[in-house]
Amino acid sequence: MCGIVGYIGGKQASPILIEGLQKLEYRGYDSAGVAIYNDGEIAVQKYKGRLKVLEEHLEKKPIPGSVGIGHTRWATHGEPNDLNAHPHITTDGHIALVHNGIIENYTRLKEWLIEEGKIFKTETDTEVIVHLVDYFYEGDLEKAVRRAIGKMEGAFALGVISKNEPEKIVSVRKDSPLVVGIGKEENFIASDIPALLKHTKEVYFLDDGEMAVLTEKDIAIYDEFGQPVEKEPFTVTWDVSSAEKEGYEHFMMKEIHEQPKAIRDTLSPRLNDRNMVEIEEFNLSREDIQRIDKIMIVACGTAYHAGLIGKFAIEKFAKIPVETDIASEFRYRDPFVNEKTLFIAVSQSGETADTLAALREAKRKGARTMAITNVVGSRVSREADDVYYTWAGPEIAVASTKAYTTQIVAFYTIALDLGLKLGTLKEETYHQIIKELLTFGEKTEALLQYKKDIQFLADAQFNNTSAFYIGRGIDDAVAREGSLKLKEISYIHSEAIAAGELKHGTIALIEDGTLVVALTTQDRLYDKMLSAIKEVKARGAYVIAVAKEGNQDIQKEADAVMSIPDTYDELTPILSVIPLQLLAYYIAVARGCDVDKPKNLAKSVTVE
Ligand code: G6P
C-alpha cells in the first residue's frame, strides 16, 4: 500500500511525479504529496483526498525544480489528513522523505527521539524515519539513511532527498517493493513499473536491504553493508498502453476485456507443440511428486478464491489431498507442514504481506514452495522455490479480474500435469481437457458480447441493499468471488453461501425482492441447485441464475439468466465468473461508485 515515486534529471519534476503517482493510485488514494528541491530549499505540498486535489493545488501554486519525490497514501498510522500525508520533512526542512511500509518499532523509536529533543507533528510511523535520518545526519545522506534503517524494524521502501545534497536521491527497501528506472541523463524510483513506463523500460529491482543512490547521470547500488553491487538491468516487455485505459471508462472494464488474451498468454507458454503441459518453471519429476503427500494453497482475497478452484482441480485430476487457507490465518495456526508438503502461494501482486509471511512460514517448516503470481520480480516470486507467472499484464483496478482467471488457468495446467505424471488422469481425458481449454480464449470473447444484457439486469438491481450468491461444488467457490466483486466495488452487502447451507440460517434473511445470484453450471448438482432456487423464490427472492447455454429449464425457474458457453463441468469457473464480474461492474457504475478505486481498499496490501 502507498505508492512512491522519485525523479532526478533535467526536466521539471512536478509533472513527472504526478504522472507517476497517477499510475500508482491503485496502491492507495487517501492523500498525496510531493517534495521538490528548488533554489536551496525543499518545497512540500501534500493534501488529503485523491491525487486530483494535489494536482489542483500544484496548478495554482507550481513548485519548480528537477529533483523530487512523491507519494500516494493508504493510511495505516494516523487518519488521512494533510498533516499525516507524505512527504515528511525535518523541522528545519533539510531532509524530506516518502515511505511505503510499516515501522513496527516506531513507538519505541519515537519515545527515544522525543527524549533526544525531536518534535513530532504527525501520528505517522514515517515521521520517526525522518527524525532518525536527521539524527544521524553528519553531511552524508547515504550514511545517515543506512544508520537510520539499522534502527528500524518492519517494512519500508524509502525515497529521501536533502537540500544539503540536492544532486541525489537516496532510496532503500526492505519487504516493500521498489524499482529504479534507468533513464538518459535522468533517473527514477517508483513502487511499481507502470509509473516509469512512459520514460524507460530499463529498470533495476532492488533486493532487501539494498540502497540505490541516484544522480542525474548515474545510479549506484549498494548492499546492506554499503558495498557496491553490480546489477543486471531488467527490460520491461509491456508497453505504456498496458497501463492506460485505452478508451474504456474504467481499468476494471478494460481488464475484464483483456481476459481472452490473458488466458491465452498464460496457457500457451505451458503447452508444447504436441499440446502437452510442460511447465518449465515447475519441473517436478514423477518421483518428486510421489513424495508429496499434501498440497497447501494459501492466498488472500480473490487469489484465495482462485486457490479454491485449484484445490478442486488438483484433487479431481491428480488425486492429491489439497488444503486451502487464508494467508492471515495460516501464519498463526501452526499448520501441519513438512518436507512432504507442496506449498503454493497465490498472489497477483506478489507482495501481499500475509501471503509472503505464510510462504516464509511454510519454507521454515521445510515445504517445497511455489508461487503463482503476475508480477515479475515480486517478493513472493523471489522467495518461492518455483515461480509460475500468469502473464496477465498489469492489473490496475483494485478489483481483480484477469488475474483471477489466469490463476485458475495456472491451476488447471498444474493439476493436469500432476494427474498425467501420477497416472490418476486418463490420457484421453487429459487431451480432451487441454483441447477444451484451448477454446477458452474464444469462449470468453463470445461471453463478453452479452455485456449489454448484463447491464440491463444491473440497472434493474442496483438499488438492492443486500445480495446472496449461492452455488454447489465448484460453483460455490465462484459464488464467493462473485460476491466479493459486488461488495468491494458497489458497497452492497453481499454474502456467498454454499447452497446446501442456506437452510441452516441464511435463508432467514431472504425476503421480497432480495437479490440471489445462483450458479447452476454443474450438471451433476443441477437438481440440488434447483431446490435451493425454489426455496429462495418461495420467500420472495429475485433470482439471477448463471447457467450453461442450452439449459432451457432454468429459464422457467429463475427471474433472469446469464448464460455461459457449454463446457466440461470442471472448467466452468473461468467462464462463469465473467458475467459476475460484469454484473458487479454495472451495478457499481449505476450506483455512481468509483469502480477502480473503491473506498477503504487498496490493490496491494503490504501490511498485516
Ligand atoms: C487486496 C486486493 C484484492 C486481492 C488481494 C490479494 O485485497 O484488493 O483484489 O485479491 O489484495 O492480493 P494479491 O496481490 O496477493 O493477489
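Just so it is clear, the values below take in all heavy atoms, side chains as well, and ignore hydrogens, waters and symmetry mates. Atoms within a ligand are numbered from 1 in the order they appear, just like the ligands themselves.
- Some N or O of Ser347 is nearer than 3.5 Å to an N or O of ligand 1, by distance alone.
- The Ala303 neighbourhood of ligand 1 comprises atoms 10 (O), 16 (O), with distances under 4.0 Å to a heavy atom of that residue.
- Looking from atom 14 (O) of ligand 1 to the surrounding protein, the closest heavy atom is Ser349 OG, 2.6 Å.
- Applying the side chain to side chain donor-acceptor pair (under 3.5 Å) test to every pair with at least one member in residues 70-80, sequence neighbours left out, gives these pairs: His71-His86.
- Taking the six-membered ring for Trp and the full ring otherwise, Phe317 and Phe411 have centroids separated by 6.0 Å or more.
- Annotation: atom 10 (O) of ligand 1 to nearest protein heavy atom, Thr302 N, 3.0 Å.
- Taking atom 16 (O) of ligand 1 as the reference point, the nearest protein heavy-atom neighbour is Gln348 N, 2.7 Å.
- Considering every non-hydrogen atom in both Leu21 and Val34, the closest pair reads CD1-CG1, 4.4 Å.
- Remark: minimum distance from atom 2 (C) of ligand 1 to any protein heavy atom is reached at Lys603 O, 3.4 Å.
- Note that the NZ atom of Lys603 and the NZ atom of Lys597 stand 13.0 Å from one another [nearest 0.5 Å].
- One finds no salt bridge joining Lys363 and Glu383 here, because no Lys/Arg side-chain nitrogen approaches an Asp/Glu carboxylate oxygen to under 4.0 Å.
- Geometric assessment of Arg270 against the ring of Tyr388 yields a positive cation-pi assignment under the 6.0 Å and 45° thresholds.
- Nearest residue to atom 6 (C) of ligand 1 from Ala345, Ala397, Ser378, Cys300 is Cys300 (criterion: closest heavy atom).
- Within the 4.0 Å heavy-atom shell around ligand 1 one does not find Ala403.
- Residue contacts with ligand 1 for Ala299 are absent, since no atom lies close enough (heavy atoms, distance under 4.0 Å).
- Side-chain contact between Thr401 and Met252 is present, with at least one heavy-atom pair separated by less than 4.5 Å.
- Note on ligand 1: Ala399 sits outside its first shell, no heavy atom being nearer than 4.0 Å.
- Looking at Pro177 and Arg379, their side chains never come closer than 4.5 Å, going by heavy atoms from C-beta outward.
- When the options Asp125, Thr126, Ile149 are evaluated for a side-chain contact (heavy atoms from CB on, under 4.5 Å) with Ile103, the one that passes is Asp125.
- Counting the atoms of ligand 1 from 1 in the order shown, those under 4.0 Å from a heavy atom of Ala602 are 1 (C), 2 (C), 8 (O).
- Not a single heavy atom of Leu601 sits under 4.0 Å from any atom of ligand 1.
- Among protein heavy atoms, the minimum distance from atom 7 (O) of ligand 1 is reached at Val605 CG2, 3.8 Å.
- Cation-pi contact between Lys599 and Tyr491: present, with separation from the ring centre below 6.0 Å and deviation from the ring axis of at most 45°.
- Here the protein heavy atom with the shortest distance to atom 15 (O) of ligand 1 is Thr352 OG1, 2.4 Å.
- The nearest protein atom to atom 3 (C) of ligand 1, hydrogens excluded, is given as Val398 O, 4.2 Å; this is a heavy-atom distance.
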